[in-house]
Asks: 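Okay, here's the structure, questions in a sec.
Proteins come first, then strands; the chains are lettered A, B, ... in the order of their sequence lines, and each starts at number 1. Only this structure's heavy atoms are used, side chains among them; waters, hydrogens and symmetry mates stay out.
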Amino acid sequence: MRVSLTWLREYVDFDLAPEELAHRLTMAGLEVSGIERIGGEWDNILVGSVARLGPHPNADRLRLATVDTGAEQVEVVCGAPNVAPGQKIVFARAGARLTHPETGERETLKAARIRGVVSNGMICSERELGLGDDHDGILVLPDDAVPGAALEDYLGDVILDVEVTANRPDCLSMLGVAWEVAALTGNPVRMPSTEYAAEGDPITTADLVDLRAPELVPRYTSALVTGITVGPAPGWMQLRLQAAGVRPISNVVDITNYVMLETGQPLHAFDRAALAGGRLIVRRATTDEPLTTLDGRAHTLSTEDLVIADENGPVGLGGIMGGENSEVSDSTRDIILESASFDFANTRRTVQRHRIEVGGKRGTEASQRFERNLPITLPPVGLRRAAKMLVELCGGVAAQGIADDWPGRHEPATVTMTSERMRNVLGMDPGLETSARTLRSLGFDVSVADGPDGAYTITATVPPWRTDIGIADDLIEEVARIIGYDAIPVTLLPPTGEPDVPDPLTRLKDDVRDALARLGNQETISYPLVPMELLRTTIPGDAPQDPLRVWNRMSPDQEYLRTTLRGSLLRTLATNERGIGRESYRLFEIGQAYLPRGPRHQPEERTYVCGVLAGARAARSWIGGNAAAPDEMDFFDAKGLVESLLETINVRARYEAADDRILAHGRTARILAEDENRPIGVLGEVHPDTLAALDIRASRVVLYEIDLQAALSHREERDRAWQPVSRYPGLRRELALLVDETSPAGAVADIIRNFPSVMTSALVDVYQGPQVPDGQKSLAFSLVWQSPMRTLTDHEVDVAQAQLLDKLRRETGAVLRS
Amino acid sequence: MSTLTDELIDVETRALEELGRVADVDALEQWRVTYQGRRHGRLPNLLERLPALPVEERREAGRQANRVRSALESAYTERRAALERAHVTQRLSAEAIDVTLPGRRAHSGGLHPTTRTLREIIEAFRPMGFRVVEGPEVEWDYYNFEALNIPADHPARDQWDTLWLDSEDDEGKRPLLLRTHTSPMQVRVMEAQQPPVRVLVPGRVFRHEATDASHESVFFQVEGLAVDRGVTFADLKGTLYTFARRMFGPDRRVRFRCDFFPFVEPGVDMAIDCFGCRGAGCRTCGQSGWLEIMGAGMVHPGVLKRVGYDPDIYTGFAFGMGPERIAMLRHGIDDIRHFYANDLGFLEQF
């Protein structure tokens with residue numbers, strides 16, 4: 001909402017600088033996002049009138065104008081096509097600073113000889129004054145401009161750009177803003193008059209309107225003004241409309257806009273002669289009924305839409321926009337003025353359904369106000385104010401009475417607030433005097449009751465325009481925002497004594513993040529909304545559940561909620577490969593997969609960590625790494641990473657060969673929780689087909705995915721009991737075993753690791769070749785035997801090793817390689 | 001004929017002279033064998049003759065023999081140490097390297113800037129007793145809107161353009177949506193527990209919004225909620241002041257002004273003085289001198305009633321902010337779309 005301070009002063013006095021006023025309004029909740037000055041630099045620029053106009057002796061397209069500045073007559077050369085004697089114009093004397101119409105730079109005007117004639121100043125265009133873009137001719141001022149007056153006094157203004165929050169439809173009007181200023185300054189508001197002489201015939205509602213859809217129009221008022229003359233609105237009104245950003249059209253339309261801006265009530269003027277039947281029909285549209293609105297757009301309506309119609313059909317979309325066919329024209333004589341209360345929800349839905357917008361903003365000036373649920377008492381106020389102006393400014397005769405069939409009676413709301421509540425909410429109490437005065441300054445009727453010890457109760461009658469006030473806390477906010485939030489003290493919450501540890505999953509996620517970052521991986525976060533194609537390419541199984549779909553997607557690329565994070569990671573990899581790319585990628589993401597649980601249910605949001613590794617294991621470097629084909633990361637890089645990760649978060653895991661739709665057979669492992677043998681994730685090399693489908697350049701990409709909720713249930717949360725460090729020396733032994741080549745090394749390693757007195761064990765070599773029988777492989781372990789109780793002798797170790805070998809042979813078929 | 005004593009002195013003189021010429025460990029060993037070798041060393045050879053000497057001569061020669069033996073031993077030890085020192089020095093100088101060559105780097109990983117900022121926010125609130133909880137991203141209309149005083153067709157819904165899920169109830173309405181803010185968790189937390197409540201809710205939110213430099217359709221928020229007997233607006237101010245100074249520095253100025261959110265009353269907008277101009281007005285702050293970073297307010301009695309809290313007994317405050325905006329302000333990032341484009345060139349800077 002653009003608020004002209006010149007206009008605002010009609011309703012309330014204030015002597016604050018614009019910046020200070022803007023600051024106070026902002027602090028009180030009416031944010032001023034910009035201050036625009038009109039005419040701050042208009043020295044030596046005056047209102048003048050064109051006294052005479054004659055030809056230029058040396059140029060056909062120039063003329064000599066004699067400008068009357070009130071004090072003197074000055075001859076200037078003028079080339080504008082629209083200059084005419086008698087016009088009120090803007091005259092710039094030598095020394096004035098004007099905007100050059102071509103360069104846009106500001107220059108100082110000097111007296112000049114133009115084609116042999118001295119011009120002692122000039123008549124200005126809009127553009128030269130910095131008022132607008134028009135340079136087709138000079139700016140012609142309204143007739144009420146007084147020659148000799150400084151232009152700044154006549155046209156100068158300051159405009160505040162005010163952002164109005166959804167709860168304050170009243171501040172979409174000058175009067176609403178005036179009440180704010182009144183409260184901030186303590187000055188009273190001057191309400192504009194709605195009294196006028198109604199000298200026409202009396203009318204009844206039935207003469208003007210047939211209200212057939214009262215359920216969509218809680219109140220419909222109308223008035224009849226006959227015999228008006230359509231023409232331009234008075235200059236002051238045009239100036240104010242322009243300041244507010246509304247283009248003047250004609251006196252009738254301008255009056256409806258002016259009254260809307262002044263009171264907040266949208267109005268519409270219908271040319272009665274253009275209405276078949278001479279009256280308005282307010283009804284629901286019929287199915288597929290057509291209507292072309294004023295903006296030239298054709299709409300196909302439904303019974304959900306409210307129309308204003310005559311006997312031939314719709315002439316407007318109620319509360320939103322008029323139709324092309326009932327516009328006021330130059331020949332209009334009799335006006336039916338509409339000032340109604342349209343149902344806010346229905347207005348909103350109609351705007352959405354027909355995508356009504358003006359200048360890129362949703363809805364119209366009228367619908368934006370109706371959607372915010374204007375007070376039911378407002379229509380007759382706006383109606384009378386506009387009728388008064390039609391009578392006084394357009395020479396019209398108002399019929400006696402107005403059409404207003406509203407059956408309800410408005411009981412003003414009253415709200416009670418106590419000093420106790422004030423203290424409970426704010427932590428302070430400004431006191432009865434301040435609270436009551438503040439509410440009164442905002443237009444509340446206030447009655448007070450004193451209690452003991454300074455306690456008090458305030459009963460406030462809410463002014464009709466404050467539809468946002470309904471409970472005591474609303475009154476408290478009113479007081480607080482006007483005295484300023486700075487007046488409220490600053491205190492600290494006492495401790496609650498409640499535990500403040502985050503929930504276990506949140507903690508696990510943080511631990512996983514930290515561990516993976518420490519292990520050299522970069523965290524990424526991607527959109528959980530993905531295209532179907534990506535899901536098809538990356539889901540683990542063959543038959544996916546239907547993923548959840550967004551009904552009003554922004555784009556096909558963001559249509560489905562992901563059921564796996566794999567696609568996100570692989571796509572991030574592909575994106576980063578573009579262009580030069582990198583030597584290696586170590587990426588991970590922690591986030592939700594959304595697993596459908598059937599229609600009308602929230603999905604299960606399961607938290608996963610998913611990561612990919614691709615590219616060179618070691619960065620290319622002068623230290624030995626400058627190979628043309630550096631070592632690529634493979635399955636075991638990811639496995640080592642997963643092993644380190646699970647160790648860090650205290651989850652014991654085993655691995656077994658597995659298959660997965662998008663991972664390579666033979667290079668894929670299922671990750672199982674050791675204690676229950678339950679799968680918690682998967683890891684493997686991505687199948688070349690999947691890489692190709694996603695345009696991934698890397699030839700080998702390893703992916704891991706762990707279900708963190710599952711991992712959480714296997715996380716050892718208790719502090720582990722410590723193991724005493726043995727004071728006795730250990731014995732290192734190497735053990736080379738032969739096993740069947742298909743037998744998993746993990747089973748052998750597990751037995752060794754868990755064998756009594758084996759302190760550490762490492763698999764140091766896996767070999768198949770000439771010295772090993774066909775169909776077998778050799779596994780070499782390095783182990784340390786150690787006892788916490790005593791020094792082990794070679795003999796004791798020999799005995800233990802024999803027992804170990806026995807167990808290995810029985811359980812895995814492994815034998816000592818001789 | 002020279003006595004054994006003379007011969008001992010002669011061997012000592014020669015030995016020390018030769019030792020002076022020994023240049024490496026091998027020659028030193030050779031020297032040791034020559035003079036001290038157990039079998040044929042020249043000193044042991046002489047010593048073998050000691051027992052055969054007459055008693056009076058033997059005493060003198062024995063004393064002399066001991067002296068020479070220990071002189072040679074200590075000369076040997078000294079020489080050996082000197083040679084070893086020289087050897088180490090020589091080896092090190094042969095191994096000299098160009099220390100300006102780049103080192104072997106460990107792979108450095110990193111956390112997403114949103115994660116980092118979220119953590120800083122959480123750490124700033126945690127000492128004030130706020131517990132972190134998280135909630136569902138797919139929400140019911142009820143929790144996202146209705147329970148927060150935003151009924152259907154309420155004009156305030158314009159503040160939250162919504163992505164709806166393709167799912168209809170019996171009345172043909174779409175009840176499921178992607179939460180537009182983390183505020184639904186206010187309701188869920190209060191439904192699940194009795195006061196005192198003091199929680200922090202980080203999480204992802206969604207908007208049906210065209211993206212540009214300052215708008216994303218998917219981003220994060222942190223919601224805060226404190227409800228108990230006697231929680232006031234003054235406590236809200238104190239909590240947010242404390243946060244602002246922990247997060248942005250102790251001399252940060254803070255501004256609280258009135259704003260509107262349907263689920264709080266009174267409503268608050270919190271701003272801090274601009275990093276760029278310290279309040280003077282610049283492009284970053286749109287000439288206002290202030291950066292709005294958070295919406296807040298006292299929990300609306302209607303919201304409390306809906307979860308079964310008696311608003312005459314319990315009061316509370318809530319606040320919410322966007323970590324991306326805070327990260328953008330701190331690092332001078334001019335486009336929010338960088339955050340979820342997952343360009344490593346961007347992510348690895350943090």
Asks: Between B/Pro136 and chain A, which part of the residue has a heavy atom less than 4.5 Å away: side chain, backbone, both or neither?
Replies: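 Contact with chain A: backbone and side chain both.
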Asks: Which heavy-atom pair separates B/Phe243 from B/Met128 by the least distance, and what is that distance?
Replies: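 Minimum heavy-atom separation between B/Phe243 and B/Met128: N-CE, 4.1 Å.
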Asks: Let's test your reading of the structure: which of B/Ser217, B/Gly230, B/Pro175 forms the most heavy-atom pairs below 4.5 Å with chain A?
Replies: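 Ranked by contacts with chain A, first place is B/Ser217.
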Asks: Where on A/Leu492 is there a heavy atom nearer than 4.5 Å to chain B: the side chain, the backbone, both, or neither?
Replies: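 Both backbone and side chain of A/Leu492 come within 4.5 Å of chain B.
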Asks: Name the region of A/Glu371, side chain, backbone, both or neither, that has any atom closer than 4.5 Å to a heavy atom of chain B.
Replies: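 Contact with chain B involves both backbone and side-chain atoms of A/Glu371.
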Asks: Closest heavy-atom contact between A/Pro547 and A/Leu561?
Replies: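 Shortest heavy-atom separation between A/Pro547 and A/Leu561 comes out as CB-O, 3.8 Å.
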Asks: Is it the backbone or the side chain of A/Arg24 that comes under 4.5 Å from a heavy atom of chain B, or both, or neither?
Replies: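 Answer is neither: A/Arg24 stays 4.5 Å or more from chain B.
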Asks: Under 4.5 Å from any heavy atom of chain A, what part of B/Phe350 do you find: side chain, backbone, both or neither?
Replies: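 No part of B/Phe350 comes within 4.5 Å of chain A.
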Asks: Hey, mind stepping through A/Glu605 and A/Leu595 against side chain to side chain contact (heavy atoms under 4.5 Å, CB included) and telling me if it holds?
Replies: CA-CA 6 Å; A/Glu605 295 184 21; A/Leu595 312 175; over 6 Å; no
Asks: Under a 4.5 Å heavy-atom cutoff, which of A/Lys509, A/Arg571, A/Glu420 has the most pairs with chain B?
Replies: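 Ranked by contacts with chain B, first place is A/Lys509.
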Asks: As an exercise: rank B/Asp259, B/Asp228, B/Leu163, B/Leu176 by heavy-atom pairs under 4.5 Å with chain A and give me the winner.
Replies: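 Top count of heavy-atom pairs under 4.5 Å with chain A: B/Leu163.
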Asks: Among B/Ala226, B/Pro262, B/Gly129, B/Gly267, which residue has the highest count of heavy-atom pairs closer than 4.5 Å to chain A?
Replies: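 Looking at each option in turn, the highest pair count goes to B/Gly267.
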Asks: With no hydrogens and no angle check, do the side chains of B/Asn144 and B/Thr180 hold a donor and an acceptor under 3.5 Å apart?
Replies: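 Their side chains do contain a donor-acceptor pair, which is all the 3.5 Å distance test asks for.
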Asks: When you check the side-chain N and O atoms of A/Ser584 and A/Arg586, is any donor under 3.5 Å from an acceptor?
Replies: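 Short answer, yes.
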Asks: Under 4.5 Å from any heavy atom of chain A, what part of B/Asp170 do you find: side chain, backbone, both or neither?
Replies: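 Contact with chain A: backbone and side chain both.
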Asks: Between A/Asn373, A/Asp514, A/Leu505, A/Ile476, which shows the greatest number of heavy-atom pairs under 4.5 Å with chain B?
Replies: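 That would be A/Asp514.
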Asks: Any carboxylate oxygen within less than 4.0 angstrom of a Lys/Arg side-chain nitrogen, looking at B/Glu348 and A/Arg582?
Replies: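 Answer for the salt bridge query: yes.
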Asks: Shorter than 4.5 Å, heavy atoms on both sides: which option in A/Asn346, A/Asp486, A/Asp510 has the most such pairs with chain B?
Replies: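 Most pairs with chain B among the choices: A/Asp510.
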Asks: Measure distances from B/Val199 to the heavy atoms of chain A and classify the residue's part below 4.5 Å as side chain, backbone, both or neither.
Replies: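 It is neither, since no heavy atom gets under 4.5 Å.
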Asks: Would you kindly say whether A/Arg562 and A/Ser568 are connected by a side-chain donor-acceptor distance under 3.5 Å?
Replies: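 Yes - a donor-acceptor pair under 3.5 Å links their side chains.
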Asks: Grab the two heavy atoms, one from B/His208 and one from A/Asn552, that are nearest each other, plus how far apart they are.
Replies: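 Minimum heavy-atom contact is CD2-O, 3.0 Å.
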Asks: Where is the tightest heavy-atom contact between B/Leu118 and B/Pro202, given as atom of each residue plus distance?
Replies: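 Scanning both residues, the minimum pair turns out to be CD2-CB, 4.0 Å.
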Asks: Can you say whether A/Pro495 sits under 4.5 Å from chain B via the side chain, the backbone, both, or neither, judging by heavy atoms?
Replies: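 For A/Pro495, the backbone is the part near chain B, not the side chain.
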Asks: A/Arg168 versus chain B, heavy atoms under 4.5 Å apart: side chain, backbone, both or neither?
Replies: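 Neither part.
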Asks: A/Glu163: what forms a salt bridge (charged side-chain N to carboxylate O under 4.0 Å, His left out) with it, not counting sequence neighbours?
Replies: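 Salt bridge (charged side-chain N to carboxylate O under 4.0 Å, His left out) list for A/Glu163, sorted by chain: empty.
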Asks: Which atoms of A/Leu548 come close to chain B, meaning under 4.5 Å heavy atom to heavy atom: side chain ones, backbone ones, both, or neither?
Replies: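 Just its side chain gets close to chain B.
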Asks: Consider only side-chain N and O atoms of A/Gln592 and B/Glu137, and report whether a donor and an acceptor are under 3.5 Å apart.
Replies: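 B/Glu137 and A/Gln592 do have a side-chain donor-acceptor pair below 3.5 Å.
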Asks: For A/Arg617, does its backbone N or O pair with a side-chain atom of B/His107 as donor and acceptor, under 3.5 Å?
Replies: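 Yes, B/His107 side chain to A/Arg617 backbone: donor-acceptor pair under 3.5 Å.
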Asks: Taking side chain as everything from C-beta outward and backbone as N, CA, C, O, which of these in B/Leu101 sits under 4.5 Å from a heavy atom of chain A? Side chain, backbone, both or neither.
Replies: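 For B/Leu101, the contact with chain A is made by backbone and side chain together.
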Asks: I would like to know whether A/Tyr594 and A/Gln602 meet side chain to side chain donor-acceptor pair (under 3.5 Å); could you show each step before the answer?
Replies: CA-CA 9 Å; A/Tyr594 308 79; A/Gln602 279 179 298; over 6 Å; no
Asks: In terms of side-chain heavy atoms, does B/Thr114 have a donor or acceptor partner in B/Tyr340 at a distance below 3.5 Å?
Replies: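 Distance-only check passes for B/Thr114 and B/Tyr340.
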Asks: Examine whether an atom of B/Arg119 lies under 4.5 Å from a heavy atom of chain A, and if so say whether it belongs to the side chain, the backbone or both; otherwise answer neither.
Replies: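 Only the side chain of B/Arg119 comes within 4.5 Å of chain A.
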Asks: Please look at A/Val425 and chain B and tell me whether the side chain, the backbone, both or neither of the residue comes under 4.5 angstrom of a heavy atom of that chain.
Replies: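 Interface part for A/Val425: both.
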Asks: About how many Å separate CE of B/Met185 and CG of B/Leu225, when rounded to the nearest 0.5 Å?
Replies: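 B/Leu225 atom CG to B/Met185 atom CE measures 10.0 Å (nearest 0.5 Å).
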Asks: Are a donor atom and an acceptor atom from the side chains of A/Asp557 and A/Ser555 found within less than 3.5 Å of each other?
Replies: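 The answer is no; no qualifying pair exists.
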Asks: Heavy atoms only, distances under 4.5 angstrom: which of B/Gly238, B/Cys258, B/Pro311 has the most pairs with chain A? Name it, please.
Replies: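 Looking at each of B/Gly238, B/Cys258, B/Pro311 in turn, B/Cys258 comes out on top.
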Asks: Under 4.5 Å heavy-atom distance to chain A, tell me which part of B/Pro102 shows up: side chain, backbone, both or neither.
Replies: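 Contact with chain A involves both backbone and side-chain atoms of B/Pro102.
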Asks: Using non-hydrogen atoms and a 4.5 Å limit, figure out which bit of A/Arg578 sits close to chain B: side chain, backbone, both or neither.
Replies: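 No part of it gets close to chain B.
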Asks: Using non-hydrogen atoms only, which part of B/Glu168 is less than 4.5 Å away from chain A: side chain, backbone, both, or neither?
Replies: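 For B/Glu168, the contact with chain A is made by the backbone alone.
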Asks: Determine the minimum heavy-atom distance between B/Thr239 and B/Phe125, stating which atoms define it.
Replies: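 Taking every non-hydrogen atom into account, CG2-CE2, 3.9 Å.
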Asks: For B/His300, which atoms come within 4.5 Å of any heavy atom of chain A: side chain, backbone, both, or neither?
Replies: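 For B/His300, side-chain heavy atoms alone lie under 4.5 Å from chain A.
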Asks: Name the region of A/Met428, side chain, backbone, both or neither, that has any atom closer than 4.5 Å to a heavy atom of chain B.
Replies: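 Contact with chain B: none, neither part.
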Asks: Examine whether an atom of A/Arg549 lies under 4.5 Å from a heavy atom of chain B, and if so say whether it belongs to the side chain, the backbone or both; otherwise answer neither.
Replies: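 When you check distances to chain B, atoms from both the backbone and side chain of A/Arg549 fall under 4.5 Å.
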Asks: Which bit of B/Phe206 comes within less than 4.5 Å of chain A, counting heavy atoms only: side chain, backbone, both or neither?
Replies: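 The side chain, not the backbone.
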Asks: Please rank A/Leu493, A/Thr496, A/Val490 by heavy-atom pairs under 4.5 Å with chain B and give me the top one.
Replies: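 Heavy-atom pair counts peak at A/Leu493.
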Asks: Any donor-acceptor pair under 3.5 Å linking the side-chain atoms of B/Tyr314 with those of B/Gln194?
Replies: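 There is no such pair between these side chains.
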Asks: Sort B/Arg126 into side chain, backbone, both or neither according to what part of it lies under 4.5 angstrom from a heavy atom of chain A.
Replies: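 B/Arg126 touches chain A through backbone and side-chain heavy atoms alike.
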Asks: As an exercise: rank A/Thr491, A/Leu516, A/Thr347 by heavy-atom pairs under 4.5 Å with chain B and give me the winner.
Replies: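 Greatest number of close heavy-atom pairs with chain B: A/Thr491.
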Asks: A/Arg553 versus chain B, heavy atoms under 4.5 Å apart: side chain, backbone, both or neither?
Replies: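 For A/Arg553, the contact with chain B is made by the backbone alone.
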Asks: Could you state the interatomic distance from OG (A/Ser526) to CG (B/Asn342), rounded to the nearest 0.5 Å?
Replies: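 Rounded to the nearest 0.5 Å, the OG-CG separation comes out at 5.0 Å.
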Asks: Where on B/Phe130 is there a heavy atom nearer than 4.5 Å to chain A: the side chain, the backbone, both, or neither?
Replies: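 Contact with chain A: backbone and side chain both.
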Asks: Heavy-atom distances under 4.5 Å only: say whether A/Asn576 touches chain B with side chain, backbone, both or neither.
Replies: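 It is the side chain, since no backbone atom gets that close.
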Asks: For each of A/Asp468, A/Thr165, A/Asp473, tally heavy-atom pairs with chain B at distances under 4.5 Å, and name the one with the top tally.
Replies: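 Ranked by heavy-atom pairs under 4.5 Å with chain B, first place is A/Asp473.
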Asks: Heavy-atom pairs under 4.5 Å with chain A are the metric here; pick the option from B/Arg174, B/Glu134, B/Glu216 that has the most.
Replies: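 Among the listed options, the one with the most contacts to chain A is B/Arg174.
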Asks: Crowded around A/His601 NE2? As in, over 12 foreign heavy atoms under 6.0 Å?
Replies: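 At most 12 heavy atoms, drawn from other residues, nucleotides or ligands, come within 6.0 Å of this atom.
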Asks: Sort B/Thr242 into side chain, backbone, both or neither according to what part of it lies under 4.5 angstrom from a heavy atom of chain A.
Replies: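 Just the side chain, heavy atoms under 4.5 Å.
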Asks: Assign the ring pair B/Phe233 / A/Tyr485 to parallel, tilted or perpendicular, where the plane angle (0 to 90°) is split at 30° and 60°.
Replies: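 The rings of B/Phe233 and A/Tyr485 stand perpendicular, inter-plane angle above 60°.
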Asks: So for B/Glu209, is it side chain, backbone, both, or neither that comes closer than 4.5 Å to the heavy atoms of chain A?
Replies: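 Just the backbone, heavy atoms under 4.5 Å.
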